[in-house]
Number of protein chains: 2
Amino acid sequence: MSAAEPKPVSMFDVAKRAGVSHQTVSRVINDAPMVAAATRAKVKAAISELGYRPNRSARTLAGGAVRSVTVFTFDTSLYGTAETLRGIEDAASAAGFTVLISVLDPEQTYTEGEILGRLSHDGAPAIVIAHDETTTQARRILRKAQPGAVVATGDDKLRDEPGAADWLVPLDDRLVAKRATRYLLSMGHRTVHYLAMPGKARRQDGWSEALLEAGIEPPEVIPSGWTIGSAATAAADLVADPEATAIMCGNDDLAFGVLHAAHHAGRSIPGDLSVIGFDDCPMAAYHIPGLTTVDLDFRGVGRSAFELLRHKLEGGPEPRTSWRSPELIVRETSGPARPRS
Amino acid sequence: MSAAEPKPVSMFDVAKRAGVSHQTVSRVINDAPMVAAATRAKVKAAISELGYRPNRSARTLAGGAVRSVTVFTFDTSLYGTAETLRGIEDAASAAGFTVLISVLDPEQTYTEGEILGRLSHDGAPAIVIAHDETTTQARRILRKAQPGAVVATGDDKLRDEPGAADWLVPLDDRLVAKRATRYLLSMGHRTVHYLAMPGKARRQDGWSEALLEAGIEPPEVIPSGWTIGSAATAAADLVADPEATAIMCGNDDLAFGVLHAAHHAGRSIPGDLSVIGFDDCPMAAYHIPGLTTVDLDFRGVGRSAFELLRHKLEGGPEPRTSWRSPELIVRETSGPARPRS
DNA sequence: ATGAAAGCGCTAACAT
DNA sequence: ATGTTAGCGCTTTCAT
């Protein structure tokens, strides 16, 4: 079938070549102290001459420090998750960690065994990108089974759970959502509608708080799926209603769907209708008209999640939070409410 | 620091509980024949009572069939790669494989050791999503080191390499690119410009072939980066030129960039300028105007890549190709050339 | 149909 | 500063 592949070179091969014990080789590759400079050099030479590469399975099995993270997520092709994953990957590979990914189907319910069975071994470090029911459930299972080796990102009221600060990298969008809603209100809109992604996000709370504080009863939330198309469908009735002048959307994709629906309903943007999104995906700035949205630093969140995990694993100084805080970016899909006729 | 976590249950624990040897447990979890039904049942019961889960590192180390794939790719947040990854993930997890991902920085050059060192162990199965120089290089290194355990997806003339059919899942976009170019020509455009992603893609060949066959000397290719913004910048001069009436773009994102630039240059679409992309990302259909593009089944390609890899690993019947062939989808950004004044 | 023995490549604990 | 001895949890091969 396939060409015979040569037997990989092991630590013993290197040891023999360098004239030392395999243990010394181990010390060298792990940067342990207590190795004479000359010995270290000899070993390193042997390593590169032989092209030796440590076997990670053996390392893990032997109980060394684990150098891998399993990321649980629900859709790697969504902008937010893709960027978060990217941030995790950046930080992880810089630290010499391998990243495994485990995609969970939102339509499915997983047993404890199914979730834990996706880890390479019991207790393997994990990061959960929790933005829906299924991943939130996975987070609970993992946190219960191995609290010392799991962190999560997410915004779905995770903070309300006890001790969340120890394991959560929150994308704090509640406040910006509130600010964004107030901005819309300040432009003369009598109310702001909210088109929601599946699950209840914190940004929705910000929206209703702002409304309530302005003495406005929040209108019913419009539920949408995750796709542009589902948003277009979900918003069809709303955009046809001339009373609706401002819509806040769960993310940029949904906003694009709403914009599409509004276009087909013959409403002009932002004259008849203001629309704002969340994420500031690259398309937001290049859409015509430019999408008013909230800049969310998913990549920074991913990086921070990894740093936090590593801190839990290896100790050391508390990592400082290092992601940009969310910020409203006003472009061209939002503006003053048209004076009522 | 963290709560003490209980020692995981091993195969021996299960064996003791079921009153058999650990070997019999191994047979049961591997669905080996030669186990009495009653014994099998007893063992399964013990497994679920104890919540036993096999340790993958130990399995790998002991030389069992490898049940993981490492995916090498260059940017998980691009639509094409994200979808391909998703397809691999779907197929892999259905087959009980773990997927590891290794992101390569396009700006960087990697040594053989660096690439091979990202594998969990020598000879670990890998899939390379090769769309640029760096990943193509990784592909070469991996194919040389372990030809029996590497497949690749990609379109960058990979087919010209010897024996490519055995390890390549090609995204054959040369022909559609040709068809798309002919379509544009048939609409009366005197030539078609091409805005290229980094690296030379097969679709570019299709474009030039169509032009040549029509007796037209292909205009100079406009090089662009991978981002919408870079495309907008790269196309700025071209869209300002009234002689340019049709532009084909390396992918949808670039097309959006061109559309943005055209808008700012005051050119109307498709009246003054026809623009077409590649990918048919979800936004394409919802962009206003709808983007004419080529539907590429990245997810199917990813699935097929996994199936091909599995075939190489485990033998069995040749997997049949199972992705949709690319198809031109005409929407609203393309149309007849405006009659010359 | 089941069990026993050996060993995968490494790290840890204990020598020296 | 270096070497020796035990395993980690599993699959293989060979017995029975």
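Residue numbers begin at 1 in each chain, while the letters A, B, ... track the order of the sequences.
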Write down the distance between CG (A:L61) and C1' (C:dC8), rounded to a whole number of angstrom.
9 Å
Using side chain to side chain donor-acceptor pair (under 3.5 Å) as the criterion, list what pairs up with A:R140, not counting sequence neighbours.
A:Q137
Measure the CZ-CD1 distance between A:F298 and A:I88 for me, rounded to the nearest 0.5 Å.
12.0 Å
What is the distance from CG of A:L50 to P of C:dG9, rounded to the nearest Å?
14 Å
Assign A:H22 to base, sugar-phosphate, or nothing according to its heavy-atom contacts below 4.0 angstrom with the strands shown.
base
Whichever of A:T24 and B:S57 has the more 5' nearest nucleotide on DNA chain D, that residue is A:T24
Can you give me the first and the last nucleotide of DNA chain D (5' to 3') that has an atom within less than 4.0 angstrom of a non-hydrogen atom in chain A?
D:dA1 to D:dG9
Does A:T39 reach a base, just sugar-phosphate, or nothing at all? Heavy atoms under 4.0 Å.
sugar-phosphate
Report the stems of DNA chain C as range-with-range entries sorted by first number; a stem here is at least three consecutive pairs, Watson-Crick or G-U wobble, both distances under 3.5 Å, and write none if there are none.
C:1-11 with D:6-16, C:13-16 with D:1-4
Comparing nearest nucleotides in DNA chain D, the 5'-proximal residue of the pair B:A58, B:R27 is B:A58
So, OP1 or OP2 of C:dC8: does either fall under 4.0 Å of a side-chain N or O from A:N55?
no
For C:dG9, does OP1 or OP2 lie under 4.0 Å from any side-chain N or O of A:S10?
no
Do any N or O atoms from the side chain of B:T135 and from the backbone of B:H131 form a donor-acceptor pair under 3.5 angstrom?
yes
Not counting sequence neighbours, list each pair that qualifies as a salt bridge (charged side-chain N to carboxylate O under 4.0 Å, His left out) and has a residue in residues 90-104 of chain A.
A:R86-A:D90
Atom CG of A:D132 and atom OG1 of A:T73: how far apart are they, to the nearest 0.5 Å?
8.5 Å
Select from B:G19 and A:R59 the residue whose nearest nucleotide in DNA chain C is closer to the 5' end of that strand.
B:G19
What class does the angle between the rings of A:F306 and A:F97 fall in, given that below 30° is parallel, 30 to 60° is tilted and above 60° is perpendicular?
perpendicular
Donor-acceptor pairs under 3.5 Å, side chain of residues 12-19 of chain A to any protein atom, not counting sequence neighbours: which ones?
unit_1	atom_1	unit_2	atom_2	d
A:D13	OD2	A:S10	N	2.7
A:R17	NE	A:E49	OE1	2.9
A:R17	NH2	A:E49	OE1	2.5

I need the CG-P distance between B:D122 and C:dC8, as an integer number of Å.
15 Å
Check the side chains of B:S68 and B:R56 for a donor-acceptor pair under 3.5 angstrom, ignoring hydrogens and angles.
no
Take atom CE of B:M11 and atom P of C:dC8, then tell me their distance rounded to the nearest Å.
19 Å
Suppose we screen for salt bridge (Lys or Arg N to Asp or Glu O under 4.0 Å). Which residues come up paired with B:R143, at least two apart in sequence or across chains?
none
For the pair made of CE in A:M34 and P in C:dA15, what is the distance, rounded to whole Å?
18 Å
